[in-house]
Amino acid sequence: MRMNRKLTWMLLAGMTMAFVQCKDSGEAVEPDDENELITSVTLKFTEQGTSNVSTFSFKDPDGDGGNAATKFDTISLKPNKTYTLAIELLDESKTPVNDITKEVEKESDEHLFVYTATPGALLTYSYGDKDKNNYPIGLTGSAVTGAAGDGKLKVQLRHQPGAKNGTPTPGSDDVNLDFILKVK
Amino acid sequence: MHSFRNLLLTVLLALFTATAFAQKPACECFVKGVVKDRHTGQPIVGATVLIVGESNGVFTDQNGRYELRNLCPGNYTLECRIIGYSPFQQKVDLTAGHEENFNLLEQEVHLHDVEITAHRTDAPSSQPLTTISGADLDKTRGQTLGESLRGVTGVTTLQTGSSISKPVIHGLHSNRVLIMNNGIRQEGQQWGSEHAPEIDPFIATRISVVKGAAGVRYGSDAIGGVILVEPEELPIDQPVSGELNAVGFSNGRQGVLSGTAQGGLGFLKGFGWRAQGTIKRGGNIRTPNYFLDNTGISENNFSLAAGYRNKGLGIDVFYSRFDTQIGIFSGSHIGSVTDLLNVIQNGEPFVKSGFSYAINRPNQNATHELLKAETHYQFQNGNRLQWTIARQYNNRNEFDLHRPRNDSIAALNHPELTFKLTSLTNDVVWDHKPIAQKVTGQIGVSTLYQYNLMSGRPLIPNFNQFNIGVFWIERYVTSKWELEAGLRYDYRTLKTYRIVNREKVADHFDFSNFSGTAGATRNFSDRFSARLNVGTAWRAPNVSELFSDGVHHGAAAYEKGDATLQPEKALNSIASVKYAAPKWSVELGAYYNYISDFIYLKPQPEPILTIRGAFPYFKYTQTDASFKGIDVSGSWEFVKRTTVTSKLSYLRVYDERNDGYLVMIPPNRLDNQLKYQLANHGKWKDGFISIGNLLVAEQKRVPANSDFLPPPKAYSLWSLQAGATLRVSEKQQLEFGINVQNLFNTVYRDYLNRFRYYADDMGRNASLRLKWKFGA
């Protein structure tokens with residue numbers, strides 16, 4: 001019958017359409033290397049006039065989620081000293097390890113590090129670098145400790161594309177860590 | 001399983017011939033005609049046709065014909081009820097000319113052909129079904145699908161800013177509301193609250209909401225309800241006709257242009273076609289006091305359809321493509337909890353902006369393609385077989401606010417998230433012929449094969465899934481009662497693939513479920529009816545609930561999935577009564593939806609530490625939740641031409657296992673409207689002016705300490721509408737509409753708008769709408 005032939009033809013066309021596209025999504029899973037992470041933040045304090053270097057780090061090698069952070073050091077400094085403070089950011093989830101510090105340096109007119117001690121008298125930070133618009137960056141600077149005491153040092157990396165004005169207000173946090181600070 | 005026949009949902013067309021004939025000036029008039037299915041064009045056997053107010057109805061015969069005799073001259077309302085179709089009424093005038101014509105032949109007293117259009121619906125007849133079509137749908141033109149449905153009692157929207165909105169039915173949304181787009185279950189990335197349905201509402205001439213669990217007919221996910229988006233039937237062998245819609249909105253300076261052309265192929269019998277397209281452009285949205293940066297929208301959609309009918313055979317082919325790019329308010333990017341607390345404290349966004357059409361980062365673009373073929377065959381004996389296959393391809397790209405710092409990667413400008421979801425559905429439905437003209441039923445099998453490819457920042461895994469569902473529904477109809485019962489079984493298998501520590505990990509899940517439905521409708525009189533339905537539905541946990549693991553930057557929350565989650569199951573009871581008098585009507589509905597193993601994000605006591613600081617920690621957990629609510633709507637024409645309409649949506653949700661409340665439940669609302677209908681004047685008709693007020697209460701039932709900000713205060717919004725139609729000629733008409741939303745530019749924030757932390761809701765928005773209809 002003509003009708004039956006038509007139906008059969010449609011059935012075949014339909015089946016072809018339904019199955020020709022099937023594929024296994026498992027084959028397409030690959031680690032993503034374009035995705036940028038910051039997995040470690042290292043603060044390097046060099047006591048002025050000496051070569052005494054103390055480093056303190058936060059490390060979460062697999063990024064947010066998965067395993068918890070493997071390292072979150074307590075910052076321990078001497079009272080009433082002046083230190084040179086340098087910061088290093090790494091993406092250790094990639095092989096080879098990706099140095100984010102360099103990327104920040106290249107785009108310094110979009111980034112601002114903010115160091116805030118509580119109580120404020122514990123540590124005073126002064127910027128030691130400037131971007132092309134003469135705004136501070138904070139990759140290097142100096143930290144002057146006060147009298148002995150315990151508190152916190154908040155380290156923020158503000159990402160401020162197109163809005164950087166020298167204040168922390170614009171943009172959003174790429175890093176926001178509260179290190180425990182002991183001055184003794 | 002999912003849906004099945006598609007088109008078949010809309011169906012039926014009844015072509016009636018009303019004939020008055022009187023041999024004596026007494027009660028010798030009659031009405032006769034044939035009842036046909038709109039979709040297939042085939043006669044319907046066993047439809048009940050009755051005169052409202054008279055007790056005796058008749059059934060259509062083997063050829064779909066009916067005849068009502070011994071009617072006195074007068075005005076009657078004819079009602080036709082068919083199992084599986086929306087009941088419809090048609091006024092018939094049997095007064096004209098009956099006295100003079102008593103000696104004439106039937107053909108000569110033939111007064112007019114009364115064409116009645118009723119639509120077949122697969123929704124359980126005992127569940128409340130609200131349809132927006134015609135003039136009501138026209139008023140919503142230019143808006144998104146979610147916004148179009150806001151006028152329905154019990155329906156609200158979940159919003160991300162002003163450009164992304166998702167429908168919420170009885171407090172449930174996303175994967176708990178199923179959307180049937182032209183008969184095919186819409187398969188996008190519905191797990192995301194900022195992923196709006198990828199559907200152009202201009203495709204539809206009817207948008208219906210089925211409230212309550214409808215898992216038997218529609219398969220998984222139909223827990224809160226089902227939204228049916230239905231185009232008009234193809235104009236087989238009709239002359240060319242069409243329409244052009246133009247809408248302009250003041251807020252966002254948005255313009256929408258949509259056109260449709262359709263017709264038959266004059267030289268070839270049995271064919272019909274339709275082509276439709278929509279363009280939308282909008283810029284930054286303005287709240288009463290400031291613009292929202294980067295909130296523009298751009299949309300380009302089109303669809304093509306063709307069909308063929310020959311006796312019992314019908315074939316329809318449909319293709320649609322939806323393509324949108326939506327800017328996401330740049331002030332909503334949150335790096336850390338400190339960022340969020342700062343913007344909350346500031347009371348308004350830090351990012352200032354003027355007006356612009358530009359769409360920058362962050363933004364999302366999504367394309368959705370649907371290709372569908374449906375074929376049906378109606379056998380001579382009344383049996384009917386329908387088979388539908390469809391392929392959907394959903395491609396969603398999301399761009400974060402910040403480009404990668406590395407120049408060479410940034411230069412690629414790749415989206416930070418890409419999802420490519422392909423879904424293949426296959427539905428076969430068998431409608432058996434009516435038994436004793438009272439019982440009809442259908443048996444169906446649906447399959448779904450789906451795979452997801454994702455790249456970018458890890459968020460959800462790749463997956464393959466296969467679902468098969470089998471259902472059987474029987475319905476029994478008399479003039480007073482309609483009873484129905486159905487059963488369904490679903491089986492789903494899911495395989496996921498993800499990267500953990502640079503290694504591929506595969507997981508395998510199997511889910512299965514039985515669903516059932518039973519319902520009754522009782523028609524006490526032509527004015528008064530009552531319905532009761534008890535139905536179940538289920539939903540397997542989706543991949544984001546199983547595998548989320550990271551910070552949700554819009555919500556400043558760390559969300560973790562749980563791979564041991566079980567499917568959630570809803571048991572929904574819904575009862576409604578309706579009374580309709582000529583001057584007033586009331587509809588009252590009450591529901592109790594008990595969802596066991598309800599999946600939600602449970603706050604954990606300890607925060608999670610990340611490089612951006614500590615984030616509140618939420619874990620996907622299961623509980624038992626009850627959704628109890630009342631929907632009331634009423635209208636009263638208290639003075640001639642002046643009608644007041646009120647709609648109340650009341651909902652209470654309770655976490656039964658933990659004795660508490662749940663988050664993100666829409667607050668209660670009351671919607672009032674006063675409408676004055678203008679008299680027709682010359683070529684002008686259907687003119688009206690209306691003023692409306694929407695009162696939204698404050699949501700006070702929230703769990704303690706679960707949010708950064710308490711729910712916003714109650715608010716009241718006024719709106720103004722006016723419209724009229726100008727009949728230019730026999731075959732052409734122009735429709736005009738004016739609509740002003742948020743008339744007084746009220747400052748408010750809505751609890752279900754995810755941007756309520758950052759910014760106010762949209763300010764005043766005036767729109768002007770123009771529709772030109774030609775042909776037919």
Side-chain angles (χ1 to χ4, degrees), chain A residues 3 6-7 10-11 13-15 17-19 21-41 58 60 62-69 72 93 95 98 100 103-104 106-107 110-111 154 156-159 161 163 169-178, chain B residues 310-313 315 333-339 342 350-351 371 373 375 377 387 389 391 401-407 409 412 414 416 422 424 426 449 451-453 455-458 461-464 495 497-502 504 506 549-551 558 560 608-615:
Chain A
M3 210 58 83
K6 252 184 218 162
L7 281 168
M10 285 187 304
L11 186 84
M15 296 300 249
M17 186 179 120
F19 293 104
Q21 296 279 348
C22 294
K23 63 164 115 162
D24 189 350
S25 69
E27 289 162 17
V29 190
E30 277 169 18
D32 174 48
D33 285 331
E34 280 178 26
N35 175 43
E36 269 183 355
L37 288 177
I38 301 175
T39 63
S40 93
V41 175
F58 171 88
D60 186 5
D62 63 348
D64 296 354
N67 302 318
F72 200 178
S93 70
T95 328
N98 189 7
I100 306 286
E103 319 277 1
V104 172
K106 249 189 304 182
E107 292 183 0
E110 294 187 356
H111 292 90
K154 184 186 273 296
Q156 280 170 283
L157 171 59
R158 303 287 297 164
H159 198 170
T169 310
S172 59
D173 284 334
D174 275 353
V175 171
N176 183 323
L177 290 171
D178 284 320
Chain B
N310 182 11
K311 297 196 185 104
L313 175 75
I315 302 169
H333 179 90
I334 293 297
S336 67
V337 171
T338 322
D339 284 347
N342 285 342
F350 289 110
V351 184
L371 178 63
T375 179
Y377 188 74
W387 179 41
I389 49 175
R391 174 178 187 270
L401 175 62
H402 300 311
R403 284 169 196 278
R405 288 186 192 84
N406 183 305
D407 287 341
I409 295 176
L412 300 171
H414 284 171
E416 276 65 34
T422 307
L424 303 157
N426 195 10
Y449 176 77
Y451 59 90
N452 185 55
L453 304 175
S455 56
R457 176 154 46 88
N462 278 6
F463 64 84
N464 291 16
K495 272 190 177 144
Y497 305 93
R498 62 207 162 102
I499 299 289
V500 178
N501 297 328
R502 302 187 78 82
K504 186 157 92 177
D549 192 1
V551 173
Y558 187 99
K560 190 162 170 57
I608 280 255
L609 182 68
T610 76
I611 197 109
R612 290 182 175 88
F615 281 88

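Note on naming: letters A, B, ... go to the chains in the order of the sequence lines (proteins, then strands), and numbering restarts at 1 for each one. Just so we're clear, the structure is a prediction, and the values are computed from it rather than from any experiment.
- Ranked by heavy-atom pairs shorter than 4.5 Å toward chain A, the options G613(B), A506(B), P458(B), P461(B) are led by G613(B).
- Counting heavy atoms from C-beta on, the side chains of L609(B) and F58(A) come closer than 4.5 Å.
- Contacts with chain A were tallied for I608(B), T610(B), N462(B); N462(B) has the most, counting heavy-atom pairs under 4.5 Å.
- Counting all heavy atoms, side chain and backbone alike, N406(B) lies closest to E103(A) at CA-OE1, 3.1 Å.
- In this structure, G335(B) and S172(A) approach most closely via the heavy-atom pair N-CB, 3.8 Å.
- Of the two parts of N452(B), only the backbone, made up of N, CA, C and O, holds a non-hydrogen atom closer than 4.5 Å to a non-hydrogen atom of chain A.
- E107(A) approaches P404(B) most closely through the heavy-atom pair OE2-O, 4.3 Å.
- In this structure, the side chains of H402(B) and D174(A) come closer than 4.5 Å at one or more pairs of heavy atoms.
- Only the side chain of L157(A) comes within contact range of chain B, judged by heavy atoms closer than 4.5 Å.
- Note: T338(B) OG1 to D178(A) CG = 7.5 Å, rounded to the nearest 0.5 Å.
- Side-chain atoms of V41(A) and I611(B), non-hydrogen and from C-beta on, do get closer than 4.5 Å to each other.
- A donor-acceptor contact shorter than 3.5 Å links the side chain of D339(B) to the backbone of D173(A).
- Of all the listed residues (G456(B), S455(B), G550(B)), the one sharing the greatest number of non-hydrogen pairs under 4.5 Å with chain A is G456(B).
- Taken from CG in N98(A) to CD1 in I409(B), the straight-line distance is 7.0 Å, to the nearest 0.5 Å.
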